[in-house]
Number of protein chains: 2
Amino acid sequence: MQTITTFEYALLALIAHHPSSGYELTQRLKKPIGFFWTAHHSHIYNGLTHLEARGLIAREVIAQQRRPNKHLFTITEAGIVALRAWVTMPLEPEPPRSGLTLRAYAIWLADPQAAVRLFRQQEALHLAQLEEYERLLASIKQEHTIPQDINLPWFGNYATLRRGIGAEREIAEWCRWMAEQFERHLDRAGDDEQAAQKADDDNALMRDQQEQRRDVL
Amino acid sequence: MQTITTFEYALLALIAHHPSSGYELTQRLKKPIGFFWTAHHSHIYNGLTHLEARGLIAREVIAQQRRPNKHLFTITEAGIVALRAWVTMPLEPEPPRSGLTLRAYAIWLADPQAAVRLFRQQEALHLAQLEEYERLLASIKQEHTIPQDINLPWFGNYATLRRGIGAEREIAEWCRWMAEQFERHLDRAGDDEQAAQKADDDNALMRDQQEQRRDVL
DNA sequence: GATGACATGTAATCAGTTACATGATTAG
DNA sequence: CTAATCATGTAACTGATTACATGTCATC
């Protein structure tokens with residue numbers, strides 16, 4: 001017995017928001033779901049076929065002149081029941097998979113300058129993403145009176161955006177910290193060459209102690 | 001030409017820290033790398049075979065009486081060169097995949113009580129993980145004088161732990177916030193039962209919302 | 001006598017990406 | 001005439017999990 005995958009529930013959730021074709025889902029899977037789940041169109045069409053076979057969505061072929069026919073999918077009663085049951089099912093921890101953190105683990109091998117470049121680049125990337133989320137949050141705050149109402153579909157957008165903002169802010173901050181570690185290293189190497197050694201060692205030590213205290217945070 | 005996968009670099013990085021057998025790597029992939037990359041033993045043995053074929057690690061079979069033979073892998077010169085080059089290569093953003101955030105997106109369908117249960121459970125899970133990271137951080141702080149030395153392998157442990165702590169704190173906080181949204185909702189429902197006057201208004205509101213919900217479906 | 005640690009592998013399957021395949025319409 | 005958007009699918013492949021397979025020793 002084939003089970004429904006997490007990705008297929010993602011499709012179901014999107015269709016529950018409002019009926020869509022495979023093509024439209026391909027677009028919609030970029031925002032806002034794309035922030036935490038992505039897929040290629042081929043994967044989407046397969047998922048739709050599977051959900052249809054399980055009776056969780058219904059297909060309606062809409063003839064279009066001037067355009068290829070559109071297959072519009074609507075969630076069925078069985079689909080709503082399945083989605084509602086799934087959405088609060090206990091969730092076991094997911095295996096993490098972060099290439100960036102893996103790099104950090106092996107970064108001691110790297111040229112410090114290259115390390116700074118990597119983490120500053122990543123910081124910029126995540127700050128840009130953060131800004132985009134914040135812009136989107138501002139725009140949904142205009143459309144809806146914010147806080148509650150948990151029972152309305154748009155609450156999902158709000159909740160996921162909050163998550164995205166927190167996560168991006170946190171990772172950008174960590175990237176900045178990483179870059180700074182290597183910049184400090186480069187600073188010290190530069191100072192050594194200019195022969196202000198003793199004083200600098202003292203300063204470095206003081207600085208280190210202060211950061212040590214901050215590290216404990 | 002077969003390329004080296006991110007996972008295989010993870011193995012390389014572990015072996016660069018110190019030589020290990022496949023069995024040992026299976027254990028080591030739980031801590032600390034397991035916090036951001038996991039693998040099953042079968043996957044590990046395949047990866048090792050591949051890395052060996054590419055000349056990035058070398059195998060030494062150690063005969064053991066009373067135990068099956070152990071295959072100890074050591075990183076080669078070529079392996080160090082490859083790892084060092086990879087570690088600062090520009091990294092394109094990785095497709096996110098978060099089942100929990102997906103649930104949040106569809107949570108408007110759920111029974112509020114079930115939603116609270118889900119997010120409180122997740123909060124507890126992430127707080128427990130946070131505590132574990134903090135304990136580990138405390139223990140590596142005892143072994144090593146903290147801040148610098150970016151060039152020593154243990155810096156990787158420190159950096160990844162910082163990342164883990166930040167990430168877990170952030171997600172636990174978000175789970176708490178989510179749970180509170182639904183608790184607030186339940187509180188209001190509870191008041192309804194005890195106070196007849198407000199109840200009329202709130203029920204009218206609920207009815208409106210339910211009608212709205214059917215429309216969107 | 002059962003469970004769990006030690007120890008290494010192969011085979012089957014599943015999830016997801018990339019490549020292949022087709023074809024009309026619209027805007028530059 | 002070139003590229004982008006609309007529109008849907010299949011096939012091949014890769015990355016990762018699960019199941020199969022084997023066997024010893026130590027501890028409860």
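- Over its length, the helix from C:dG1-D:dC28 to C:dG28-D:dC1 turns its helix axis by 30°, as judged from the five terminal pairs at each end, rounded to 10°.
- The distance from atom CD of B:Glu52 to atom C1' of C:dT8 is 13 Å, rounded to the nearest whole Å.
- At whole-Å resolution of the value, OH in B:Tyr23 and P in C:dG4 are 13 Å apart.
- Residues of residues 4-22 of chain B having a heavy atom closer than 4.0 Å to DNA chain D, listed by number: B:Thr5, B:Phe7.
- Atoms CZ (B:Arg97) and P (C:dA15) sit 12 Å apart, rounded to a whole Å.
- B:Trp174 does not carry A:Arg162 over the face of its six-membered ring by the limits of under 6.0 Å from the centre and within 45° of the normal.
- For DNA chain D, the span of nucleotides reached by chain B at under 4.0 Å from its heavy atoms goes, 5' to 3', from D:dG15 to D:dC25.
- When only modelled atom types and interatomic distance are considered, B:Glu8 and B:His50 share a side-chain donor-acceptor pair under 3.5 Å.
- For A:Gln121 (side chain) and B:Pro90 (main-chain N/O), no donor-acceptor pair under 3.5 Å exists by modelled atom type.
- Interface residues of residues 35-46 of chain B facing DNA chain C, ordered by number: B:His41, B:Ser42, B:Tyr45; criterion, heavy-atom separation under 4.0 Å.
- Under the side-chain contact (heavy atoms from CB on, under 4.5 Å) criterion, A:Tyr23 pairs with A:Ser21, A:Gln27, A:Tyr45, not counting sequence neighbours.
- Remark: B:Ala128 engages no residue in a side-chain contact (heavy atoms from CB on, under 4.5 Å) (not counting sequence neighbours).
- Annotation: ring pair (Phe, Tyr, Trp, His ring centres under 6.0 Å) contacts involving residues 79-105 of chain A, sequence neighbours excluded, comprise A:Tyr9-A:Trp86, A:Tyr105-B:His17.
- A:Ser98 is linked by a side chain to side chain donor-acceptor pair (under 3.5 Å) to A:Thr101, counting only residues two or more places apart in sequence or in another chain.
- Applying the side-chain contact (heavy atoms from CB on, under 4.5 Å) rule to A:Thr38 yields the partners B:Pro95, B:Pro96, B:Arg97; only residues at least two apart in sequence or on another chain are considered.
- With ring centers used as reference points, B:Trp177 lies under 6.0 Å from A:Tyr158.
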Exercise. Between A:Ile80 and A:Leu12, does a side chain to side chain contact (heavy atoms under 4.5 Å, CB included) hold up when you go through it step by step?
Worked result: CA-CA 8 Å; A:Ile80 293 169; A:Leu12 248 193; over 6 Å; no

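- At least one donor-acceptor pair closer than 3.5 Å links the side chain of A:Thr76 to the backbone N or O of A:Leu56.
- The main-chain N or O of A:Val61 is never found under 3.5 Å from a side-chain atom of A:Asn69 such that the two would form a donor-acceptor pair.
- Rounded to whole Å, the distance from CG on B:Leu25 to P on C:dC6 is 14 Å.
- Within residues 56-68 of chain A, the residues approached by DNA chain D to less than 4.0 Å at the level of any non-hydrogen atom are A:Arg59, A:Gln64, A:Arg67, A:Pro68, in residue-number order.
- Side-chain N or O atoms of B:Glu170 include none that pairs as donor or acceptor with a backbone N or O of A:Arg163 at under 3.5 Å.
- The side-chain contact (heavy atoms from CB on, under 4.5 Å) test applied to A:Leu127 returns A:Glu123, A:Leu130, A:Ala172, not counting sequence neighbours.
- Protein atom CG of A:Asn69 is 15 Å distant from nucleotide atom P of C:dG23, rounded to whole Å.
- Spacing between atom NZ of A:Lys70 and atom C1' of C:dA24 amounts to 15 Å, rounded to whole angstrom units.
- Judged by distance alone, the side chains of A:Arg28 and A:Ser20 do bring a donor and an acceptor atom under 3.5 Å apart.
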Side chains of residues 109-117 of chain A: which donor-acceptor partners sit under 3.5 Å, not counting sequence neighbours?
from, atom 1, to, atom 2, distance (Å)
A:Asp111, OD2, A:Ala114, N, 3.3

